[in-house]
Every structure is written in C-alpha cells, then in structure tokens.
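What follows is a single structure, written as structure tokens, with notes after it.
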Amino acid sequence: MTIGEISALIAAIAFLFIAFAIVFVLVRVARVVKELQTTVAEANTSVKSVTNDVNVLSNEVEDLLTKTNTLLADVNGKVSELDPVFVAMGKLGQSVADLNDSSRHLVANVKSIGKTTAKASLAARAVKVLKKKKTQE
C-alpha cells in the first residue's frame with residue numbers, strides 16, 4: 001500500500017465516521033421531531049377540549065347573567081312599590097312623635113291649671129273662713 005492509498009483509506013474512514021455521526025444526529029433529530037409532533041397533537045386536542053369547555057361555560061354564564069338581570073329588574077320594581085310604604089311609615093312616625101309632644105304639653109297645661117285651680121279654691125276657702133271669723137266677731 002502506498003501513501004496515497006493509506007491517505008485515501010484514512011479519508012474514507014474519516015468520511016465513514018462523519019457519515020455515521022450525521023446519521024446518528026439525524027436519527028436523534030427524527031425522534032425529537034416525532035415527539036414534538038406527538039406533543040403538538042396532544043396540545044391541539046387539549047386546546048380543542050378547553051375551547052369546548054369554555055364555550056359551554058360561556059353559554060351558562062350568559063344564561064346566569066340574563067336570569068340575574070331579570071331578577072334584579074323584579075327586585076327593583078318591588079322596591080319602587082315599597083318606597084311609598086316607607087315614606088308613609090316615616091310620616092306616621094313623625095305624626096306619632098308630634099302627638100306625643102302635644103300630649104306632653106296638654107298634660108303639663110292640665111297640671112298647671114290644676115295647681116292654679118287648687119290655689120284659687122284654697123284662696124276662696126280662706127276668704128270664706130276669714131269672712132266667717134269677721135262676722136262672728
């Protein structure tokens with residue numbers, strides 16, 4: 001074997017190693033791509049499932065909001081019907097308070113009149129007693 005043949009053999013062996021290394025890398029890349037394709041397919045399936053669940057949930061939330069709006073409108077209507085009742089109760093409470101004040105004033109006036117009457121009655125008796133004493137003397 002000549003030097004040229006030996007260098008050709010070394011070059012061929014080196015080329016063979018490079019080819020095997022490239023094949024090895026390509027096989028690894030092929031596995032990674034295959035796993036990546038599987039992962040992407042699973043992700044797409046999960047996204048479709050989540051999208052369907054979100055659509056169902058969105059419809060249910062929309063129905064719930066519609067029912068809530070209806071209920072709120074009903075409650076607002078009933079509250080507006082009750083407003084006059086509370087206004088009347090407030091006025092009645094004020095009237096009762098005014099009646100209590102008037103009753104207190106009346107009782108105070110009656111007591112005052114009673115005291116004045118008692119004093120006048122006592123004074124009238126005193127005058128009678130004094131007149132009687134004067135006539136007896």
Side-chain angles (χ1 to χ4, degrees):
M1 258 202 213
T2 65
I3 293 187
E5 290 176 342
I6 292 176
S7 54
L9 182 62
I10 292 174
I13 291 173
F15 183 74
L16 184 64
F17 280 131
I18 291 173
F20 280 137
I22 290 174
V23 168
F24 179 74
V25 168
L26 288 177
V27 168
R28 295 283 241 161
V29 167
R31 283 187 202 157
V32 169
V33 168
K34 186 175 181 181
E35 288 179 14
L36 186 61
Q37 286 176 342
T38 304
T39 303
V40 168
E42 289 175 2
N44 284 337
T45 303
S46 296
V47 166
K48 286 179 186 176
S49 175
V50 168
T51 302
N52 290 336
D53 291 344
V54 166
N55 286 338
V56 169
L57 185 61
S58 175
N59 290 336
E60 289 182 14
V61 166
E62 186 177 335
D63 291 343
L64 182 61
L65 284 174
T66 301
K67 290 177 183 176
T68 301
N69 287 337
T70 303
L71 180 62
L72 185 60
D74 183 44
V75 167
N76 285 338
K78 289 179 180 173
V79 165
S80 67
E81 290 174 5
L82 285 176
D83 281 345
V85 173
F86 287 114
V87 169
M89 287 175 60
K91 289 180 180 178
L92 178 64
Q94 186 62 41
S95 296
V96 169
D98 293 343
L99 180 64
N100 283 338
D101 289 341
S102 296
S103 298
R104 286 187 191 112
H105 291 318
L106 178 64
V107 168
N109 288 340
V110 167
K111 283 182 181 178
S112 175
I113 290 171
K115 288 179 183 178
T116 304
T117 304
K119 288 177 185 177
S121 172
L122 185 60
R125 283 188 191 166
V127 168
K128 280 184 184 180
V129 169
L130 286 175
K131 282 184 181 179
K132 210 178 199 186
K133 272 191 174 181
K134 274 189 176 180
T135 54
Q136 288 178 357
E137 289 181 359

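Because the structure is a prediction, the values reported are computed rather than measured. One-based numbering along the sequence shown. The analysis underlying the following values was restricted to heavy atoms, covering all of them including side chains, and did not include hydrogens, waters or symmetry mates.
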> Among pairs that include at least one residue of residues 55-70, which meet side chain to side chain donor-acceptor pair (under 3.5 Å), considering only residues two or more places apart or in two chains?
Replying inline: none
> What's the shortest heavy-atom distance between Ser80 and Gly77, and which atoms?
Replying inline: OG-O, 2.7 Å
>> Within a 6.0 Å radius of atom CG on Leu26, are there more than 12 heavy atoms belonging to other residues, nucleotides or ligands?
In response: yes
>> Test of understanding: with side-chain hydrogen bond (donor to acceptor under 3.5 Å, both in side chains), list the residues that count as partners of Asn100, not counting sequence neighbours.
In response: none
>> Let me check something: do Val56 and Leu65 share a hydrophobic cluster, defined by ILVMFWY side-chain heavy atoms less than 4.5 Å apart, either directly or through other members?
In response: no
> Is Val23 linked to Phe17 within one hydrophobic cluster, defined over Ile, Leu, Val, Met, Phe, Trp and Tyr using a side-chain heavy-atom separation of less than 4.5 Å?
Replying inline: no
> Side-chain heavy atoms under 4.5 angstrom apart, residues restricted to Ile, Leu, Val, Met, Phe, Trp, Tyr: same cluster for Val107 and Leu99?
Replying inline: no
> When Ile6 is tested against each of Thr2, Leu9, Ile3, Ile10 for side-chain contact (heavy atoms from CB on, under 4.5 Å), which residue passes?
Replying inline: Ile10
>> For Arg104, give me all partners under side-chain hydrogen bond (donor to acceptor under 3.5 Å, both in side chains), at least two apart in sequence or on another chain.
In response: Asp101
> Got a sec, which residues hit side-chain hydrogen bond (donor to acceptor under 3.5 Å, both in side chains) with Asp98, two or more places apart in sequence or on another chain?
Replying inline: Gln94
>> Restricting to side-chain hydrogen bond (donor to acceptor under 3.5 Å, both in side chains), what partner residues turn up for Lys78, sequence neighbours left out?
In response: Asp74
>> Using the rule that Ile, Leu, Val, Met, Phe, Trp and Tyr join whenever any side-chain heavy atoms are under 4.5 Å apart, tell me whether Val29 and Phe24 fall into a single cluster.
In response: no
> Are Val79 and Val87 connected in the hydrophobic side-chain network, where two residues link if heavy atoms are under 4.5 Å apart?
Replying inline: no
> Quick one: side chain to side chain donor-acceptor pair (under 3.5 Å) pairs with a partner in residues 22-51, sequence neighbours left out?
Replying inline: none
